[in-house]
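Have a look at the structure below, then the notes.
On a predicted model such as this, the values are computed, not experimentally measured, just so you know. Side-chain atoms are counted along with the backbone in the values below, which use heavy atoms only and exclude waters and symmetry mates.
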Amino acid sequence: MQIPVKSKQTLAFKGGVHATARIHNPNRLLFGRLEMVYWMFLTSQSFVTVFLQSKGMTSVGIGAIAAVNSLIGIVALPFWGIVADKIGSSKKAFLTCLLLATLFIALVPIFGSYTVAGILLLTVLMPAIHFFRLPSDSIVNCWIVQTAQREQGLDFGGIRMWGSLGCALMATAYYFLIRLFSTDVIFIVPLMLIGPIVMLARKLPDSHVKTDVVKKAKLRPARLLRDYYYMAYLLFSFLIAISASAVFFFRTFLILDVGGDPSVIGLIVGFQILFEIPAMIASRRLLNRLRPPVVLCMVGTMFVIEHLLYTICTSTFDILLIQMLQGLANGFNTVALIGYIHHLAPKDLKSTAQSLNAMVMSAGGIVASLFGGWAIGAMGIRTLYLITGLNTLFAVGIFMLSFVIGEKLLKKPAPLPLFAKAIRPNRMPVRLRQRAALAMVWVWLHRVEAENNRHWAGRLGRPRLNIR
């Protein structure tokens, strides 16, 4: 349903990610509530490392489990992305993934501690959870962006910030819940949240891709692999994911290294995510002035500074302060990458393009988990973050170089050039625009007065019109 337009603002780039927030759309509030409860559901995965440490696992064992989860993601992400595009419904794919993930989450408190043929069932259930939970994020993002293309008054950053708020609140709650009960609580709370998620999702419109057209023509995801700029971004995303995953998987080891309590990870994660909110609010204005590739390079530079700061921090408070920078970077990065991929992807491969990017990030998670688990034991956590910081700097350089190679050597014009000025709609402030309009009217009236004076002066010998 098309919502009546109250005000209009030019988009900085096509793709429907940014729209005018002044337009009233009831689905904006519903999507915001869905994102909030959904990310409260997902917050438990930030505490998996703490949970495994409580079970007595070493850094190598935790790295191995993280690698298996990331390997599962490589298969699950493109599979569910293609399913969503094939059935023409991001909503149905999202709910299917989340309900099946909840089924396996419910089994962890019951059977997770049992051993069958020398294999701890927990190590089997967690990859199964990951197979369904991981793709849901890219699918719901694509669902919001596709809906924003059809309806006025929706912008991804304004909706996604509610997810960050929910995650921050839930992470803080987990800090107290784990202290009161145990780390097993991270597999119980999601069971209480799946009901509200389903009810909110049922009230929202679907992405409505024409299924008859999709069924007649093959999706051909290989088209994405022939897109030079999409593949260049995937390489950038892979390298960035290695560094980001190292922070995500092994942050508790850094807390131990500075003499802190690993249970404070909840407060640290909550503080970090809280700073994603202002970044997401500001992302629409930022992307109206800078193109997404420029914002991605800016975010990469912020990540480099973050990783280098980890090498010199001396207390838990220092880590907490660094999370401010990481939160801002994550907020800008989330909105910019969703919009950039959505702009590059063909119309019938939007979900697949997002899922392929998430798959590449999972591959980066495999490298980070295996290498990080070994590096912590061999060189220490500080050296690991020095390496990941240099890796992020290398990724930014490669991404910038890809535009030079594509435009200068391969003669392929970039859909969103890096070295070009972005469109800046409504650059003049409102008051100045009003004054300029009044000045134009004043000039026009005086021209009319002058013409009339000349006309009547010739016929009657005196002016007939005097506006002033």
Open item on the list: Is the shortest side-chain heavy-atom distance between Leu134 and Trp80 below 4.5 Å?
Closed with: no

TODO: Spell out, as yes or no, whether a donor-acceptor pair under 3.5 Å connects the side chain of Arg289 to the backbone of Arg285.
DONE: yes

Task: Lys91 side-chain N/O to Ala201 backbone N/O, donor-acceptor pair under 3.5 Å - done: yes

Task: Within-4.5 Å side-chain heavy-atom neighbours: Ser138 and Asn357 - done: no

- [ ] With Tyr233 as reference, evaluate Tyr228, Phe238, Tyr340 under the ring pair (Phe, Tyr, Trp, His ring centres under 6.0 Å) test and give the passing residue.
- [x] Tyr340

TODO: If the plane angle is over 60° it's perpendicular, under 30° parallel, otherwise tilted; pick one for Phe403 and Phe399.
DONE: perpendicular

Task: Nearest non-hydrogen partners of Tyr229 and Gly406, listed with the distance - done: OH-C, 3.5 Å

Task: Pair Tyr310-Thr388, side-chain donor/acceptor within less than 3.5 Å - done: no

- [ ] Look at the side chain of Thr311 and the backbone N and O of His307, then say whether any donor-acceptor pair between them is shorter than 3.5 Å.
- [x] no

Open item on the list: Tell me whether the rings of Phe94 and Trp143 are parallel (<30°), tilted (30 to 60°) or perpendicular (>60°).
Closed with: tilted

Task: Any Val247 side-chain heavy atom under 4.5 Å of Gln326 side chain - done: yes

Open item on the list: Under 6.0 Å between ring centres: does that hold for Phe104 and Phe131?
Closed with: no

TODO: Could you check Val75 against Met359 for side chain to side chain contact (heavy atoms under 4.5 Å, CB included), going step by step and ending with a plain yes or no?
DONE: CA-CA 8 Å; Val75 179; Met359 180 195 74; over 6 Å; no

Open item on the list: Can a donor-acceptor pair be found, under 3.5 Å and without considering hydrogens, that links the side chain of Asp318 to the backbone of Thr314?
Closed with: yes

- [ ] For Leu328 and Glu276, run side chain to side chain contact (heavy atoms under 4.5 Å, CB included): C-alpha distance rounded to whole Å, both residues' side-chain angles, the deciding distance at 0.1 Å, then the answer.
- [x] CA-CA 5 Å; Leu328 292 172; Glu276 292 181 5; over 6 Å; no

Open item on the list: Is it the case that atom CZ in Phe79 sees more than 12 heavy atoms from other parts of the structure closer than 6.0 Å?
Closed with: yes

Task: Any side-chain heavy-atom pair of Ser164 and Leu274 under 4.5 Å - done: no

- [ ] Identify the two heavy atoms, one from Val295 and one from Ala336, that lie closest to each other, and give their separation to 0.1 Å.
- [x] CG1-CB, 3.9 Å

- [ ] Considering non-hydrogen atoms only, spot the tightest contact between Ile159 and Ile144 and give its length.
- [x] CD1-CG2, 3.8 Å

Task: Expected output: side-chain Asn391 to main-chain Leu239 donor-acceptor under 3.5 Å - done: yes

Open item on the list: For Thr316 versus Ile268, what's the shortest heavy-atom pair and its separation?
Closed with: CG2-CD1, 4.1 Å

Task: Trp39 and Arg160, any side-chain heavy atoms less than 4.5 Å apart - done: yes

Open item on the list: Assess the residue pair Phe253 and Leu384 against the criterion (side chain to side chain contact (heavy atoms under 4.5 Å, CB included)); give the C-alpha distance rounded to whole Å, side-chain angles, the decisive distance to 0.1 Å, and a yes or no.
Closed with: CA-CA 11 Å; Phe253 290 92; Leu384 172 64; over 6 Å; no

- [ ] Could you tell me whether a side-chain N or O of Asn141 sits under 3.5 Å from a main-chain N or O of Asp137, the two making a donor and an acceptor?
- [x] yes

Task: Leu296 side chain near Val396 side chain, heavy-atom distance below 4.5 Å - done: no

Task: Shortest non-hydrogen contact from Met231 toward Leu225 - done: CG-O, 3.4 Å

TODO: Working to the nearest 0.5 Å, report the span between CD1 of Ile322 and CD of Gln272.
DONE: 12.0 Å

- [ ] Output yes when a side-chain donor or acceptor of Ser245 lies under 3.5 Å from a complementary backbone atom of Ile242, and no otherwise.
- [x] no

Task: CA sep, side-chain torsions, deciding dist, call: Phe332, Leu287, side chain to side chain contact (heavy atoms under 4.5 Å, CB included) - done: CA-CA 9 Å; Phe332 290 127; Leu287 288 168; over 6 Å; no

TODO: Would you give the length of the straight line joining atom OG of Ser237 to atom CD1 of Ile341, rounded to the nearest 0.5 angstrom?
DONE: 6.5 Å

TODO: Hey, could you give me the OG1/CD1 distance between Thr96 and Ile139, rounded to the nearest 0.5 Å?
DONE: 8.5 Å

Task: Gap separating the CD atom of Glu407 from the CG atom of Leu409, nearest 0.5 angstrom - done: 10.5 Å

Task: Residue pair Cys297 / Met400, side-chain heavy-atom distance below 4.5 Å - done: yes

- [ ] Mark yes or no for whether Gln323, through its side chain, and Ile319, through its backbone, hold a donor-acceptor pair below 3.5 Å.
- [x] yes

Open item on the list: Check whether Arg382 reaches the backbone of Cys313 with its side chain - one donor and one acceptor, N or O, closer than 3.5 Å.
Closed with: yes

Task: Step-by-step ring-ring contact (aromatic ring centres under 6.0 Å, His included) determination, Phe31 to Trp162 - done: CA-CA 9 Å; Phe31 268 122; Trp162 291 104; over 10 Å; no

TODO: Output the distance between atom CE (Met379) and atom CG (Leu386), rounded to the nearest 0.5 Å.
DONE: 9.5 Å

- [ ] Identify the two heavy atoms, one from Tyr230 and one from Ala353, that lie closest to each other, and give their separation to 0.1 Å.
- [x] OH-O, 2.7 Å

Open item on the list: Do Ser44 and Arg133 have side chains that approach each other closer than 4.5 Å (heavy atoms only, starting at C-beta)?
Closed with: yes

Open item on the list: Nearest 0.5 angstrom please: Ile277 CD1 to Leu165 CG, how far?
Closed with: 4.5 Å

